[in-house]
Amino acid sequence: MTLFHFGNCFALAYFPYFITYKCSGLSEYSAFWRCVQAGATYVLVQLGKMLFLATFFPTWEGPSGGYDLVGEFLRATVDAADLGGLQLALGRGGGRGELRILVAALGWASAELLTARCVPLWVGARGVEFDWRHLQMGLDSNISLV
């Protein structure tokens, strides 16, 4: 039964990306490697963000119950690197404007799905007990695709 639950959660999370790739016409333009390049850009941007945050913004060791507003604001500005990464992914893609945007978006979202939800889905959905959290994770990946 747990393998069936894992199969349902996997299909709910991953097949909409496959259907989007096939039905949007990207497969006709052989855009798979461009999607992989956009996904690799996502992975490199996230790795760079993690290294930057760990190096320059260590945890705040202030008084208990205090809040470092300036430090939190500076940490939030690191998310602007996502915009630079998307611009890089859009610039590398060839073809029409709509195709370039779709390739970058689908590659970026697919890489986010693989890096953020693959391991928790594999480990959790194959467990002994049924948990609604994994179905919610699959639905959340569909929302991310949109």
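For the atom pair CG of Asn142 and OG1 of Thr20, the computed distance is 8.5 Å after rounding to the nearest 0.5 Å. In this structure, CZ in Arg117 is found 5.5 Å from OG in Ser141, a value given to the nearest 0.5 Å. To the nearest 0.5 Å, atom NZ of residue Lys49 and atom CG of residue Asp82 are 3.5 Å apart.
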**Item:** ring pair (Phe, Tyr, Trp, His ring centres under 6.0 Å) between Phe56 and Phe52, intermediate numbers included
**Value:** CA-CA 6 Å; Phe56 298 112; Phe52 187 77; 4.8 Å; yes
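Hydrophobic cluster membership of Val45, counting Ile, Leu, Val, Met, Phe, Trp and Tyr whose side-chain heavy atoms lie under 4.5 Å apart directly or via other members: Tyr42, Val43, Leu86, Trp108.
Tracing side-chain contacts under 4.5 Å through hydrophobic residues (I, L, V, M, F, W, Y), one never reaches Phe15 starting from Ile143; they form parts of separate clusters. Residue Leu106 is grouped with residue Phe32 when hydrophobic side chains (ILVMFWY) are merged at heavy-atom distances under 4.5 angstrom, including chains of intermediate members. Note on Ile19: it does not cluster hydrophobically with Leu26, by side-chain heavy-atom contacts below 4.5 Å among ILVMFWY residues. Cluster annotation: Leu53 and Leu44 are assigned to distinct hydrophobic clusters (Ile/Leu/Val/Met/Phe/Trp/Tyr, side-chain heavy-atom contacts under 4.5 Å, transitive). With hydrophobic clusters built from ILVMFWY side chains whose heavy atoms lie under 4.5 angstrom apart, Trp33 shares a cluster with Leu114.
Applying the side-chain contact (heavy atoms from CB on, under 4.5 Å) test to Glu72 and every residue at least two apart in sequence or in another chain returns Tyr67, Arg75.
Centroid-to-centroid, the aromatic rings of Tyr21 and Tyr17 stay 6.0 Å apart or farther.
Judged purely by atom type and a 3.5 angstrom limit, Ser110 has no side-chain atom pairing as donor or acceptor with the backbone of Gly107.
Contact annotation: the side chain of Leu99 approaches that of Arg34 to within less than 4.5 Å [non-hydrogen atoms, C-beta and beyond].
Taking every heavy atom of both residues into account, Val103 and Cys35 meet most closely at CG1-N, 3.8 Å. Across all non-hydrogen atoms, the minimal contact from Thr41 to Leu88 is CG2-CD2, 4.1 Å. Scanning both residues, Ala104 and Leu90, for their nearest heavy atoms gives CB-CD2, 3.7 Å.
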